[in-house]
Amino acid sequence: MKIGKYPEISYTRSVLKKLGSISEGLKPGVDAATVSLEDITLVMSSNCILKWFQDCEAYYLQKTVNALCEKGGVPKSIQLEINVPEKYDEKQLGKKIQAFHLATEKKQIPIAQVRVYKGIVGEVIAHLTVLGTSDRTFSSKNVKPGMDIVMAGAVGVGGTAILCRMFESRLKEKFHQGFVKECLHLFDLLSVEKAAQTALREHPVYLHNISDGGVFSALWELGNCCNKGICVDLKQFPVWQHTIEAAEFFDINPYQLEGSGSILIVCENGQELAEKLREADVFASVIGQITADNDKIVRNGDETRYLEPPKGDELYQFL
């Protein structure tokens, strides 16, 4: 099995059927869970860091905060749980904690708890949980055929940003230094908070964060979670030239590349919402609609293809 999210079929068989629950937070592809109390809704999301790279602490923090945004969440605190090999260097642990601290200070989200365990693991594994609050309640049951799908953000930004940082020297051999510098700055575009806040003012029906597996994975998850079909136009997907060039350079599919920095928004008034997002300096476009069947169709001119269940992320072959 490839590194990344557990396959959807296996997840359904080994998790959902064992729990006997169909609550929103347990559906495959849903990235945040909510708990409704008397006067407030709590939102929780987490990520597991399996592979470490430059600035991955800040990346995973933003990725987890982005997940809260699909439930209208505002982050309030962070919990860290870190498992280290038995003979792990204490100084290296301190460097990772410091990196997390710097990332959380920049986001102004306090770390509420840290637990560190020694165990029989070969590499450091970290679990990052963000707790937030929301004044909204979103349910996939409210998604209806004919509704628009708006994409805010651009294709594969997260993966492009990480690959460009990892292979900066190789890119400089191929591209102009100014172009490479712009690629490196894509790391500053990983947040969907502005897009989500702008969309929430327009009363969207449902939101789904794009991350592991890229936009194709997110579209599949959106359709399955809502028990509906989708039909999208590939030519309408917002995409930066930097991602197109990087995808060609690394010989990868940008639509299956880690997509942090983008979010799918289901709404009644897609063109109006896309315009509001663009007015807020957010790259956005109506890319398709929800359909009554279960087909997940991608059109590209005269060509039509059907999405398949997610099979991992292009990024992991480089980590």
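Side-chain contact between Leu171 and Glu168 is absent, with no heavy-atom pair separated by less than 4.5 Å. Looking at heavy atoms from C-beta onward, Ile230 lies in side-chain contact with Leu307 at the 4.5 angstrom threshold. Annotation: side chain of Asn269 is not in contact with side chain of Asp148 (no heavy-atom distance under 4.5 Å). Side-chain contact between Val43 and Lys71 is present, with at least one heavy-atom pair separated by less than 4.5 Å. Under the 4.5 Å side-chain criterion, counting only non-hydrogen atoms from C-beta, His185 is in contact with Lys181. Side-chain contact check for Arg305 versus Asn300: every heavy-atom pair is 4.5 Å or farther apart. Taking 4.5 Å as the limit, some side-chain heavy atom of Glu81 sits within range of a side-chain heavy atom of Tyr117. Counting only heavy atoms from C-beta outward, the side chains of Pro204 and Phe138 approach each other to under 4.5 Å.
Taking hydrophobic clusters as Ile, Leu, Val, Met, Phe, Trp and Tyr residues chained together by side-chain heavy-atom distances below 4.5 Å, Ile40 does not share a cluster with Leu68. In this structure, Ile78 is a member of the same hydrophobic cluster as Val124, with clusters built from ILVMFWY side-chain heavy atoms closer than 4.5 Å. Residues Phe283 and Leu264 do not share a hydrophobic cluster, clusters being chains of Ile/Leu/Val/Met/Phe/Trp/Tyr side chains in contact below 4.5 Å. Leu163 and Tyr316 fall within the same hydrophobic cluster, defined by Ile, Leu, Val, Met, Phe, Trp and Tyr side-chain heavy atoms under 4.5 Å apart, directly or through other members. Leu222 and Leu257 are not part of a single hydrophobic cluster, where members link through side-chain heavy atoms under 4.5 Å apart.
When all heavy atoms are compared, the tightest approach of Ala247 to Pro254 is CB-CD, 3.8 Å. Glu8 approaches Trp220 most closely through the heavy-atom pair OE1-NE1, 2.8 Å. Taking every heavy atom of both residues into account, Met151 and Val155 meet most closely at CE-N, 3.6 Å. Shortest non-hydrogen contact noted between Gly178 and His176 is N-ND1, 2.9 Å. Taking both residues in full, the closest heavy atoms of Leu315 and Gly159 are given as CD1-O, 4.2 Å, listed atom of the first, atom of the second, then distance. The minimum heavy-atom distance linking Asp313 with Gly213 is given by the pair OD2-N, 2.7 Å.
For residues 30-53, the salt bridge (charged side-chain N to carboxylate O under 4.0 Å, His left out) pairs, not counting sequence neighbours, are Lys5-Asp31. Residues in residues 274-295 take part in these salt bridge (charged side-chain N to carboxylate O under 4.0 Å, His left out) pairs, two or more places apart or across chains: Glu275-Arg278. Note on residues 245-270: no pairs pass salt bridge (charged side-chain N to carboxylate O under 4.0 Å, His left out), not counting sequence neighbours.
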Hey, mind stepping through Val130 and Ser45 against side-chain contact (heavy atoms from CB on, under 4.5 Å) and telling me if it holds?
CA-CA 6 Å; Val130 177; Ser45 185; 5.5 Å; no
Candidate pair Trp52 and Glu57, rule side chain to side chain donor-acceptor pair (under 3.5 Å), full reasoning
CA-CA 8 Å; Trp52 298 81; Glu57 296 88 355; over 6 Å; no
Quick one: do Leu61 and Phe100 satisfy side-chain contact (heavy atoms from CB on, under 4.5 Å)? Show the steps, please.
CA-CA 8 Å; Leu61 173 60; Phe100 275 119; 5.8 Å; no
Start with the C-alpha distance between Val35 and Met44, add both sets of side-chain angles, then the distance that settles side-chain contact (heavy atoms from CB on, under 4.5 Å), and finish with yes or no.
CA-CA 8 Å; Val35 178; Met44 298 164 287; 3.5 Å; yes
Working for side-chain contact (heavy atoms from CB on, under 4.5 Å), residues Leu42 and Thr34
CA-CA 5 Å; Leu42 299 180; Thr34 59; over 6 Å; no
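A distance below 6.0 Å separates the ring centres of Tyr255 and Phe216. The ring of Phe167 has its center closer than 6.0 angstrom to the ring center of Phe250.
Taken to the nearest 0.5 Å, the OG atom of Ser260 stands 7.5 Å off from the CG atom of Asp212. Atom CD of Gln197 and atom CG of Leu277 lie 11.5 Å apart (nearest 0.5 Å). Atom CZ of Arg136 and atom CG of Leu200 lie 4.5 Å apart (nearest 0.5 Å). Considering CD1 of Ile287 and CD of Gln236, their distance stands at 9.5 Å, rounded to 0.5 Å. Between the OH atom of Tyr306 and the NZ atom of Lys296 there is a distance of 11.5 Å, given to the nearest 0.5 Å. With rounding to the nearest 0.5 Å, the separation of CG in Asn209 from SG in Cys69 is 7.5 Å.
Ring-plane geometry between His242 and Trp240 is classed as perpendicular, the angle between the planes exceeding 60 degrees on a 0 to 90 degree scale with a lower cut at 30. Ring geometry, Phe53 versus Tyr59: the interplanar angle falls from 30° to 60°, so the pair is classed tilted.
Under a 3.5 Å cut-off, the side chain of Ser217 and the backbone N or O of Gly214 do not form any donor-acceptor pair. Ser262 places a side-chain N or O within donor-acceptor distance of the main-chain N or O of Ala154, the cut-off being under 3.5 Å. Judged by distance alone, with hydrogens and angles left aside, the side-chain atoms of Lys194 form a donor-acceptor pair with the main-chain N or O of Ala280 at under 3.5 Å.
When Ile210, Val65, Asn66, Val282 are each tested for a side-chain contact (heavy atoms from CB on, under 4.5 Å) with Val192, only one passes: Asn66.
For the residue pair Thr160 and Thr243, a side-chain donor N or O sits within less than 3.5 Å of a side-chain acceptor on the partner. Glu314 and Gln317 share a side-chain donor-acceptor pair at under 3.5 Å. In the model, Lys27 has no side-chain atom that pairs as donor or acceptor with a side-chain atom of Asn224 under 3.5 Å. The closest side-chain donor-acceptor pair between Gln62 and Lys107 falls under 3.5 angstrom.
Ionic pairing of Glu90 and Lys95 is not present here: no N-O contact between side-chain nitrogen and carboxylate oxygen is shorter than 4.0 angstrom. Under a 4.0 Å N-O distance rule, the pair Glu308/Lys311 qualifies as a salt bridge.
The neighbour count for Leu37 CG, taken as heavy atoms of other residues, nucleotides or ligands under 6.0 Å away, is above 12.
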